[in-house]
Amino acid sequence: MGSSLWTLCLVLSSLASIALCATPRKPIDVQFGRNYYPTWAYDHIKYFNGGSEIQLHLDKYTGTGFQSKGNYLFGHFSMHIKMVPGDSAGTVTAFYLSSQNSEHDEIDFEFLGNRTGQPYILQTNVFSGGKGDKEQRIFLWFDPTKEYHRYSILWNLYQIVFFVDDIPIRVFKNSKDLGVRFPFDQPMKIYNSLWNADDWATRGGLEKTDWSKAPFIAHYKGFHIDGCEASVQAKFCATQGKSWWDQPEFRDLDAAQWRRLRWVRQKYTIYNYCTDRKRYPQLPPECKRDRDI
Ligand SMILES: *[C@@H]1O[C@H](CO)[C@@H](O)[C@H](O)[C@H]1NC(C)=O
């Protein structure tokens with residue numbers, strides 16, 4: 001969305017006091033080098049079309065990954081990914097935000113590979129102050145190895161929303177009022193990686209990586225980052241409260257988005273820590289809000 005259109009959107013929604021534009025601003029595709037650099041195993045990253053598209057390669061020697069140049073406090077981050085095709089059992093493709101300290105905050109997308117023809121699992125998690133254990137798992141409504149799909153995270157002071165294309169698959173509300181820590185004062189970097197995790201990824205570790213099928217290749221493009229850049233220590237950033245993602249229409253999902261989230265919940269959910277009574281005999285406080293979905 002152009003900035004003038006965006007302004008019009010803001011004016012209209014405040015006039016009508018309804019959420020007209022609750023879909024995040026359209027991502028702008030850029031080249032890899034604009035926002036990212038390789039983290040490790042540089043020779044396992046391949047570049048195409050001047051870096052507008054890249055591949056990560058995993059073989060029995062190593063996986064690989066890349067990270068954002070900047071640290072961000074709130075914003076909208078998205079990646080187009082085409083997952084490892086065929087036999088991807090044992091592999092994990094991850095796209096996540098993380099702060100770099102001991103009591104760290106983290107927002108995770110993890111794609112767990114599978115044997116040929118068997119479905120991927122998308123696991124999401126949120127860490128605040130070093131504590132995670134908030135996994136949710138879904139199947140996708142498409143084969144993520146056939147085409148690129150857009151995976152994005154919207155993060156502001158009110159909520160963290162995970163999107164697959166434009167469909168919200170998870171929302172983690174700021175439940176500070178219920179005594180739950182919410183990531184709000186530690187800038188995060190964005191990370192992407194492909195690695196071997198056959199001790200747990202596929203059917204709980206029963207299915208091992210078949211190295212005769214290596215290299216395993218995941219494709220990336222888009223590399224969109226629209227966040228408030230901050231130094232690692234900064235608890236605030238210059239535009240805090242004034243960016244598009246801080247506006248009222250992004251503080252909650254709109255009715256159509258709630259409906260879509262409910263659809264994902266009903267049809268595709270495999271696991272939700274909020275309903276795992278064995279693990280949590282006492283419901284984690286933030287799960288009160290999860291129940292209403
Ligand atoms: C892999 O396929 C099996 C059999 O369909 C399924 O039980 C499992 O949830 C799938 N995904 C993963 C990552 O294990």
Side-chain angles (χ1 to χ4, degrees), residues 1-3 24-59 61-86 88 91-100 106-113 120 122 124 140 142 144-155 162-166 187-197 214-232 237 243-245:
M1 196 179 296
S3 62
R25 196 195 274 190
K26 207 169 163 40
I28 298 161
D29 290 353
V30 295
Q31 293 186 338
F32 173 82
R34 167 90 175 271
N35 288 326
Y36 288 96
Y37 66 94
T39 309
W40 90 99
Y42 296 5
D43 62 340
H44 282 56
I45 306 185
K46 314 283 173 207
Y47 302 84
F48 300 89
N49 307 325
S52 57
E53 208 174 326
I54 70 158
Q55 298 175 352
L56 299 191
H57 287 222
L58 163 68
D59 58 27
Y61 303 105
T62 185
T64 186
F66 58 96
Q67 67 188 76
S68 62
K69 293 179 174 169
N71 283 280
Y72 302 90
L73 200 58
F74 306 123
H76 181 231
F77 313 91
S78 78
M79 191 64 71
H80 281 87
I81 312 174
K82 194 159 64 173
M83 303 300 157
V84 175
S88 59
T91 71
V92 173
T93 305
F95 165 44
Y96 61 104
L97 273 60
S98 181
S99 65
Q100 304 104 61
E106 192 175 304
I107 304 170
D108 292 327
F109 272 107
E110 290 180 307
F111 300 88
L112 317 183
Y120 262 75
L122 167 52
T124 56
L140 294 162
F142 53 85
T145 72
K146 288 278 184 286
E147 318 269 350
Y148 275 108
H149 288 269
R150 180 149 50 92
Y151 304 97
S152 19
I153 291 164
L154 173 71
W155 172 36
F162 296 79
F163 292 94
V164 171
D165 296 323
D166 280 326
M188 298 201 243
K189 280 194 181 210
I190 300 108
Y191 297 86
N192 280 269
S193 53
L194 171 61
W195 81 93
N196 175 44
F216 302 98
I217 302 174
H219 295 68
Y220 297 77
K221 61 180 188 178
F223 310 110
H224 166 78
I225 292 179
D226 190 5
C228 191
E229 200 164 346
S231 69
V232 180
C237 71
S243 305
W244 64 263
W245 55 82

Novice: If we only count heavy atoms from C-beta on, is the H44 to D59 side-chain gap below 4.5 Å?
Specialist: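 In contact.
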Novice: Can you give me every donor-acceptor pair (side chain of residues 73-84, partner residue at least two apart or in another chain, under 3.5 Å) with its distance?
Specialist:
residue, atom, partner, partner atom, Å
H76, ND1, H224, NE2, 3.4

Novice: The criterion is side chain to side chain contact (heavy atoms under 4.5 Å, CB included); which residues satisfy it with S193, sequence neighbours excluded?
Specialist: W40, A94, Y96, W195
Novice: Heavy-atom distance under 4.5 Å between the side chains of R150 and F163, does that happen here?
Specialist: no
Novice: Under the side-chain hydrogen bond (donor to acceptor under 3.5 Å, both in side chains) criterion, do Q67 and T39 qualify, and how do the steps go?
Specialist: CA-CA 6 Å; Q67 67 188 76; T39 309; 3.1 Å; yes
Novice: For this output row, return yes or no: ring centroids of Y191 and F66 closer than 6.0 angstrom.
Specialist: no
Novice: Please lay out, stage by stage, how I54 and F223 fare under the test side chain to side chain contact (heavy atoms under 4.5 Å, CB included).
Specialist: CA-CA 10 Å; I54 70 158; F223 310 110; 3.8 Å; yes
Novice: Measure from NZ or CZ of K221 to the centre of the six-membered ring of Y148, then state whether that distance is under 6.0 Å and the direction lies within 45° of the axis.
Specialist: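 K221 over Y148 ring: yes.
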Novice: Under the side chain to side chain contact (heavy atoms under 4.5 Å, CB included) rule, collect the residues that match up with K69, sequence neighbours excluded.
Specialist: Y37
Novice: Do side-chain atoms of T91 reach the backbone of S88 as a donor and acceptor pair under 3.5 angstrom?
Specialist: yes
Novice: Less than 4.5 Å apart, any side-chain heavy atom of I107 and any of F162?
Specialist: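 The answer is yes; the side chains approach within 4.5 Å.
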Novice: Should Y47 and I45 count as side-chain neighbours, where that means a heavy-atom distance under 4.5 Å?
Specialist: yes
Novice: If I take atom CG from residue N71 and atom NZ from residue K189, how far apart are they, to the nearest 0.5 angstrom?
Specialist: 5.5 Å
Novice: Side chain to side chain contact (heavy atoms under 4.5 Å, CB included) between D165 and Y151: does it pass, once the steps are laid out?
Specialist: CA-CA 6 Å; D165 296 323; Y151 304 97; over 6 Å; no
Novice: Mark yes or no for whether T64, through its side chain, and A41, through its backbone, hold a donor-acceptor pair below 3.5 Å.
Specialist: yes
Novice: So, taking the atom named OG1 in T93 and the one named CD1 in I217, what distance separates them when rounded to the nearest 0.5 Å?
Specialist: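 Reported to 0.5 Å precision, the distance equals 12.0 Å.
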Novice: Which distance, rounded to the nearest 0.5 Å, do you find between the CG of L58 and the CG of N196?
Specialist: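 Atom-to-atom, L58:CG and N196:CG are 6.0 Å apart.
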Novice: Decide yes or no on side-chain hydrogen bond (donor to acceptor under 3.5 Å, both in side chains) for W245 and D226, but give the supporting numbers first.
Specialist: CA-CA 10 Å; W245 55 82; D226 190 5; over 6 Å; no
Novice: What I'd like to find out is whether the side chain of P187 reaches to under 4.5 Å of the side chain of Y72, using heavy atoms alone.
Specialist: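 Not touching, per the 4.5 Å side-chain cut-off.
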Novice: Would F95 and F111 count as a close aromatic pair, with their ring centres under 6.0 Å?
Specialist: no
Novice: Between E147 (side chain) and T145 (backbone), is there a donor-acceptor pair under 3.5 Å?
Specialist: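 No.
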Novice: Which value, rounded to the nearest 0.5 Å, describes the distance between L97 atom CG and W155 atom CH2?
Specialist: 6.5 Å
Novice: Check for a donor-acceptor pair, side chain of S68 on one end and backbone N or O of G70 on the other, with a separation under 3.5 Å.
Specialist: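 Side chain of S68 to backbone of G70, a donor-acceptor pair under 3.5 Å: yes, one is there.
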Novice: Side chains of F142 and V164: does their closest heavy-atom pair fall under 4.5 Å?
Specialist: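 A side-chain contact exists here, since the closest heavy-atom pair is under 4.5 Å.
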Novice: Working to the nearest 0.5 Å, report the span between OG of S243 and CZ of R25.
Specialist: 8.5 Å
Novice: To the closest 0.5 Å, what do you measure between CG (D108) and OG1 (T124)?
Specialist: 8.5 Å
Novice: Side chains of Y220 and E53, heavy atoms from C-beta outward: is any pair under 4.5 Å?
Specialist: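 Side chain of Y220 against side chain of E53, heavy atoms only: no contact under 4.5 Å found.
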Novice: Can you tell if the side chain of I190 reaches within under 4.5 Å of the side chain of Y36, non-hydrogen atoms only?
Specialist: yes
